[in-house]
Structure formats: C-alpha cells, structure tokens
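These figures come from a predicted structure and were not determined experimentally. Here is how names work: the chains are called A, B, and so on, in the same order as the sequence lines, proteins then strands, and each is numbered from 1.
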Number of protein chains: 2
Amino acid sequence: MSSVAKKTVGTGAPETGSTSQATAERIPAAQRRELILEAATGVFAERGYAGSTTDQVAKAAGISQPYVVRMFGTKETLFLEALDRAQGKLLRAFREVIAAYDAGELTEELQHLDPAVGNGRPEQLKQLMAIAYADLVEDRGILMMLMQAFVAGHEPAIGARAREGFLDIYRLVRDEAGLSPETSRDFLAQGMLMNTLIGIRLPEVYEQDETAEELLECTLRSKLPMVLKASKAQRRAG
Amino acid sequence: MSSVAKKTVGTGAPETGSTSQATAERIPAAQRRELILEAATGVFAERGYAGSTTDQVAKAAGISQPYVVRMFGTKETLFLEALDRAQGKLLRAFREVIAAYDAGELTEELQHLDPAVGNGRPEQLKQLMAIAYADLVEDRGILMMLMQAFVAGHEPAIGARAREGFLDIYRLVRDEAGLSPETSRDFLAQGMLMNTLIGIRLPEVYEQDETAEELLECTLRSKLPMVLKASKAQRRAG
DNA sequence: GGATGTTGTAATCGAATGATTACTTAAAAC
DNA sequence: GTTTTAAGTAATCATTCGATTACAACATCC
C-alpha cells in the first residue's frame, strides 16, 4: 500500500530556476495516475461525487487541477475509475480469503471464529470475509467510495456501474464462497450497516454515547478496536 | 398524503393583470412550507445534498427559488428540516405498528408472517416493522432522504443530525419493540440493504438481470411487487 | 546540442448556484 | 375605501467549479 502522496512543496522540493514556480516532482504518468486515483478515492469517499471538486483531488494528490482533468478527461470518468479501483480491491480481498481458506492456510484464524455460527465452508467463509471487509476500513476510503457510488444512482453512468458492481459482489459471495442467496443477503446487509455506521461517523462518538457504543460493539465485534483506531487517525489527518 | 404539488402555470392559473407574470397560487406560509419540504425530500433523495440546487426544489414545489431560500434561510437548513420530517415519518410508522400490535389489531397480518422466524413479540414485531419500512418506499423518497443524510456526514451539522437520528431509530427498535441488540442490528442491516438496492435502482433492471431478480426477491419478499410498481411509477414521473 | 515528446502549471472562461435586494400584488384589517 | 400585512417574483451579484488554452521545463533520442 503505497500511501505516500508526496507534497513536493516541502523542503527539498525541486525549485525551478529563477521564478518561484512550485512544480510537482516529475514521475511517469502511470504512477501519477495511481496517486491521483488514491487521492480521488479519499476525497470522493468523504464528500461524495457532487460534493467533491477536481481541485480538492488535485490538492490531495499534490498537483494542479488542470492536470487531473487532462489525465482523466472529466470528473465523471475520474469517479468511475476510482470506483472500479475500489471495487477491484474489495473483490480481490474476498478472493484472497477464499483462496487462502481452500488452501488450508487459515487454521489459525479459524480458532477465533464464533463456533456457534456453524462449521461448514459457507459459514466459516462468511465470517472470514466479514473480517476482511472490516479490515478494508483502514484502507483510506475504499468502503465509503463504494457507498457514495451506491447513492449516486441519479448519474446514469455511475448508477449503471454501481449496479453492476453490487451484483458482481453478490455473485462472488454466492458462487465463489458458496453462500445461499439468503446467507448472501444477510452478509451484504451487514456490510451495508457497517458502511452506514462509518458514514455517519459513529466511531467518533463512541466514548460519549452509550447507545453508539453498544451498536458499534454489536456490529463490529473483534474489529471494533481497529476501526476506532482508524477513526482517530483519520480525525488527526483532518 | 397530500401529494398535490400544484404547478400553477397550467390552465386557470391566476394571471396577474397586464404583464405576463406567472405567480404561484397564494396559500398560507405554513402550508407552502410543507409543500416545499415534500418537494425538497424528493429532490434531495434523488440527488443528495451537494447535488441538489435550491432551484430544483423550487421548480418541484412550483414556486420561485428566492422564496425557497427566504423561507428556510439556507439550503442546509432546508435539508435538515426535510431530514427531520423524513425521520419523523419513519419513527411514526414504526410506533404505529407497535401500538397496533399491542392493541391486538393485527391478527389478520399475523397470519401472513413467516412462522419459522418465531412467535414472540420481538420476532413478530421485527417482521411487521420490516413490512412497514418497505411500505415507505412508496412515499416519495423518505428512505433515500435518510440514506443521503447518512453519507453526508462530512457536513458537520448534517452528520450530527444523522447520527442522532440513526441512534433514535436503534433505540426505538430496541426499547419500544423490545428487540435484542443483535436482533436490532440485523433489522437495521436489512433496512440498509434495502436502501442500497433502491439507491442503485436495482428494481429498474429486475426484468433484464437474473441476479438482480434473485437478490430483490430474496430481500423484499412479499413487498417486491409493490416496490416494482413504485419504481415504474417513479420512472414515468421522470 | 538541437529536436521532440512528456510532465506539469498559470491564467482564464463560461456556466451554475446560493443568496440578496427591490418590487408587485392579493388578501386582510380597520 | 384605504391601509397594512403577507405571499410571491424578477433581477442580479459574488463565488465556485469544470474545463480549455497556452505555455514552461525536463528528459530522451539522434
């Protein structure tokens, strides 16, 4: 996870000749692309599609606004590519869990699962994927990026992609993890609840509100400390 | 449900004297307020807070943009009041179900519940409230209005209200309906999944996509036909 | 060492938008 | 019937934002 996002204006920035022209470090377009997408994910995740500006993305990526626009053409394209990237990360995370489980590499993790839920492959995979999902909260904005796409259905292109993406996830859970439609539904529902709790920033009032505490503990279980830590870290980052 | 939203520009509109000045029908401010809030709910539900304009709300309410702004002060206040109204409707719908159940007025409806889920008060109330929740899909945008608030946590005032509102709903389900924290969580999770499926407009591809069909049937059950009908009606309305 | 392509920015433009101001007119009060 | 108040709009303003244009500087190739 290359979470650098170098702001070249700091010390040692390559000052250009005589005029004070702060230019970003020159790096290959492909790498810059990935940095912009990472920055865009964070911005879109926090403020949504309509609420974000290309300039905010540019600032977060440490470059100028016109460069962002020129590299992606339009704000919509930028959003769609960030969405694809986020969805790809989610699908990959799930597939890695499934592959590791089937390869018998998770005997350690299996000890910590709730045995009351069941010992079949679908039941255990459901729990393992839920943990993998919660782990993604750490990775800056992946989940909220998806959530923002889900409520931006008004934009035709985004709505279409969001539908496709959601169905992709459903099919993965059902066909590759082998969950029944009903279990898949419940799995997705838990994920949407987690997204919502993150969206309303419930972890920020964890210590001040008893109800929030109960709901968060009940929903996140063993992953709560990690989420609380991530919440605090993000608040410090602004 | 007074779903009038009269556009006075039609026939019989009160033409003002000599100059062609299309003025909306004069009605008391309190009533106009409610019409604006209803219109705002629809607009915000579809496009989100940042994606909506006061002019879109004004057009939907059949009045001029300055009047909207003058009546509510700012767009943010308008959003917050529409949010309060939507949340109030949801809480009222749940409380009505609980009251009717406790008064023994739902013997008919109880026959149609899934008996496998359980016959205790919490189990039956959970199912009845889920039906009441799905019923709200019909009422133009209540659910998506809430959903949009949940992802607008970046706006401090909206985030705070959304947190409070969500916790209110949780407490109602837990304390007034008597669900355990875990059952409450599952109930809310199902609701968030429903919101998401509506948000990505999955009903619109029900007939073209087998996976969408399965997921929708599995999630909405007996309420699916009603939701599909509402979806078609909303598409016709544009 | 000049030509060329790549990486990047400054400046700016037009459209959109929330808000303000100054009116107009219908209805109520007296 | 005149005054007053409440309901509503047209016009406009200052910002903001996505996009475009034109240009600057660095690297690479011959």
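- Here the side chains of Ile198(B) and Val227(B) are in contact, with some heavy-atom distance below 4.5 Å.
- Residue Pro66(A) places its side chain closer to dT21(D) than to any other of dA19(C), dA26(C), dT21(D).
- The phosphate of dG8(D) (OP1 or OP2) has a side-chain N or O of Tyr67(B) nearer than 4.0 angstrom.
- Arg161(B) has no carboxylate O lying under 4.0 Å from a charged side-chain N of Glu155(B), or vice versa, which leaves the two without a salt bridge.
- Under 3.5 Å, the side chain of Arg32(B) and the base of dG8(D) form no donor-acceptor pair of N or O atoms.
- The nearest whole Å value for the distance from the CZ atom in Phe72(B) to the P atom in dG18(C) is 15 Å.
- Which of dG8(D), dG18(D), dT7(C) sits closest to the side chain of Ala29(A) comes down to dT7(C).
- Distance CG/Leu83(A) to CZ/Phe150(A): 8.0 Å, rounded to 0.5 Å.
- Remark: P of dA16(C) and NZ of Lys75(B) are 15 Å apart, rounded to the nearest angstrom.
- Within 4.0 Å (heavy atoms only), Ser64(B) reaches at least one base atom of the nucleic acid.
- Distances were taken from every side-chain heavy atom of Thr53(A) (C-beta onward) to each of dC17(D), dT9(D), dG8(C); the shortest belongs to dC17(D).
- Here dG18(C) presents its P atom at 11 Å from CZ of Arg47(B), a figure rounded to the nearest Å.
- When each of dA19(C), dG8(C), dG18(D) is scored by its nearest atom to the side-chain atoms of Ile27(A), the top-ranked nucleotide is dG8(C).
- If you run side-chain contact (heavy atoms from CB on, under 4.5 Å) between Leu146(B) and each of Asn195(B), Leu90(B), Leu136(B), Thr41(B), only Leu90(B) comes through.
- Contact annotation: Thr23(A) does not reach the phosphate of dT9(C) (side-chain N/O to OP1 or OP2, under 4.0 Å).
- Of the candidate nucleotides dA6(D), dG8(C), dT9(D), dA6(D) has the atom nearest to the side chain of Arg26(B).
- Rounded to an integer number of Å, the gap from Arg70(A) CZ to dA22(D) P is 13 Å.
- No side-chain heavy atom of Phe44(A) sits under 4.5 Å from any side-chain heavy atom of Met144(A).
- Nearest nucleotide to the Thr74(B) side chain, out of dT9(D), dA19(C), dG8(C): dA19(C).
- Distance, Ile63(A) CD1 to dA10(C) P: 12 Å, rounded to whole Å.
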